[in-house]
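Accompanying notes for the structure given below.
Just so it is clear: chains get the letters A, B, ... in the order the sequence lines come, proteins before strands, and each one is counted from 1.
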Amino acid sequence: MSKPTPLSGFPELLPEQRAVEQQVLDTLREVFELHGFGGIETRAVEPLDVLLRKGDTAKEVYLLRRLHETAEEGHAGFGLHFDLTVPFARYVLEHAGHLDFPFRRHQIQKVWRGERPQDGRFREFTQADIDVVGRDVLPAHHDVEVTRVMVDALRRLDFLPGFTLQVNNRKLVVGAYAALGITEPALVDEVMRQVDKLDKLPADAVRDALVGAGLDGPTADTVLALAAIATPDTSFTAEVARVLGDDARERSPLLAEGLDELAALLAGVADLVDDRTRVVADLSIARGLDYYTGTVFETRLDGFESLGSICSGGRYDALATDGRTTYPGVGISFGVSRVVVPLVTRTGLRTDRSVPSAVLVALTDEASRPASDAVAAALRARGVPCEVVASAQRFGKQIRYAERRGIPYVWFPADAEGGTHQVKDIRSGDQQDADPATWTPPTEDLRPRVQAKEQQ
RNA sequence: GUGGGCGUAGCUCAGCUGGUAGAGCGCCGCGUUGUGGUCGCGGAUGUCGCGGGUUCAAGUCCCGUCGUUCACCCCA
């Protein structure tokens, strides 16, 4: 077989890159579970009618088909899931009788989309979702909860650049539009769609589009003035009042509800905010997806703005319904691949070693391999990851073997004549006697650490 | 899916109007035969992404394809 070529949109990482991703995954899971979100996994495949239920035929779904499928097997067919929300909705309905509500879960899995790959956009990629689902009702404090969990998880990934979580509320937007006389559903959708483009198009162009959609000039200006509001605290409520008038809350109960929910969210996460971790109420955030009904999220990563949102989600009052019962939910999804792949390929983010081993046990000669194996076994018994060197070359080469892989310690076993065991820190050159039954490296050397390439 | 840029050594890249493929870094060996890194000396890098075409001659020009990247679409 000739040398295989890469497959577009199906990224693969080298061990020291994958180790970075693995730490992201470990941290996400740990923090999610710290907040009481248990993990589930759904099958990779869903019936096509489930995947396309929302009329999203534009979604590029990969089909699953048996090679020898016959024409008689004329069912709707299967497709690979393109996100984790749709399968989760199906899962909730299917297992509702065995779940306790409100149901919290996290789900970290690969998803597939047949889109054109681009930086941070792939055909196979990993998402990390958390959602809370209620039966019939789900109080608004769960919107705050979900936000807190994800912000907590992201801020603990201390090797990530800083980020800004942008939050808005569709009730606020729809209510405000109603107060402006924009009530026709198709027009509301169109106005939101145009406003959503403000991060790419100049305000003038968006204004023209709004007027083209049927708004008069003053109304378009007010819509843009609203969308320009972005505050790191609850002061957005005063700004909305300034734009729409002090009586706007009375004129639109939906607006009042949205303002209160968004204010509660901002207040509820204030203690998690720091220089790297910012949360802003940004009234230009709309989200193209039409099933969101309240809170909506997007997230920008400092220095990686071109990736778009790395973490998005929101509130859906009808995540799932079986006709009798409706399950409202609120969730947020972190694009693991979207962040990790550009980070490791563009900035050279790596772990400080390419293997898990903290110690390389040297080998005097092949005859003494059992002695080296015994040292390794003693270290492993206390949780020290280690490996025995592949071949009994000169010690200089064995040290170089460790150096290449970033293994910080080399262990020289006692020789047969009754010498002592010695361990060498090859970064400092320090070498001293050590007992395989008790020696342990400092905690920070036990596992690979993530570090920028410049620091290596 | 639509349109543009780019594909040369493991990496970053040079290679003029077509004329026998290069540098730096890295890698391997020796100096130093059981203690690496520094230094010195020596060595190997390669279907020039792949396929086809034009030509006496193609890394160089043309077409296709794959990869990559940017914009649109859409979104993590």
Note to self: Suppose we call two aromatic rings close when their centres sit under 6.0 Å apart. Are A:F32 and A:H106 close by that rule?
What the structure shows: yes

Margin query: Quick check, does A:F395 stack with B:G36? I mean ring centres under 5.5 Å and planes off by under 30°.
Written below: no

Note to self: Would the base of B:A76 count as contacting A:R121 through its side chain, where contact means a donor and an acceptor less than 3.5 Å apart?
What the structure shows: no

Next item on the list: Could you check whether A:R404 gets within reach of a base, just the sugar-phosphate, or nothing at all, counting any heavy atom under 4.0 Å?
Entry: sugar-phosphate

Margin query: Of the listed nucleotides (B:G36, B:C75, B:C73), which one gets closest to any side-chain atom of A:I399?
Written below: B:G36

Next item on the list: Using a heavy-atom cut-off of under 4.0 Å over every strand shown, decide if A:G429 touches base, sugar-phosphate, or nothing.
Entry: base

Polar atoms only, N or O, under 3.5 Å: list the protein pairs with nucleotides 4-8 of chain B and their distances.
none

Next item on the list: Establish, for the pair A:R315 and A:Y292, whether the NZ or CZ atom is under 6.0 angstrom from the six-membered ring centre and no further than 45 degrees off its axis.
Entry: no

Margin query: With a 3.5 Å cut-off and heavy atoms only, can you find an N or O donor on one side and an acceptor on the other between the side chain of A:Q431 and the base of B:U35?
Written below: yes

Note to self: A cation-pi test, strictly: NZ or CZ of A:R123 under 6.0 Å from the centre of the six-membered ring of A:F125 and no more than 45 degrees from its axis. Yes or no?
What the structure shows: no

Next item on the list: Give a yes/no on whether any side-chain N or O of A:R405 is located under 4.0 angstrom from OP1 or OP2 of B:G36.
Entry: no

Check: Can you tell me how far the CG atom of A:L343 sits from the CG atom of A:L301, to the nearest 0.5 Å?
Finding: 7.0 Å

Next item on the list: Would you please say whether a donor-acceptor pair under 3.5 Å links the side chains of A:Q107 and A:D129?
Entry: no

Checklist line | No-H, no-angle donor-acceptor pair, A:R338 side chain to B:C75 base, under 3.5 Å | finding: yes

Next item on the list: Check whether the side chains of A:S333 and A:Q127 place a donor and an acceptor atom closer than 3.5 Å, and report yes or no.
Entry: yes

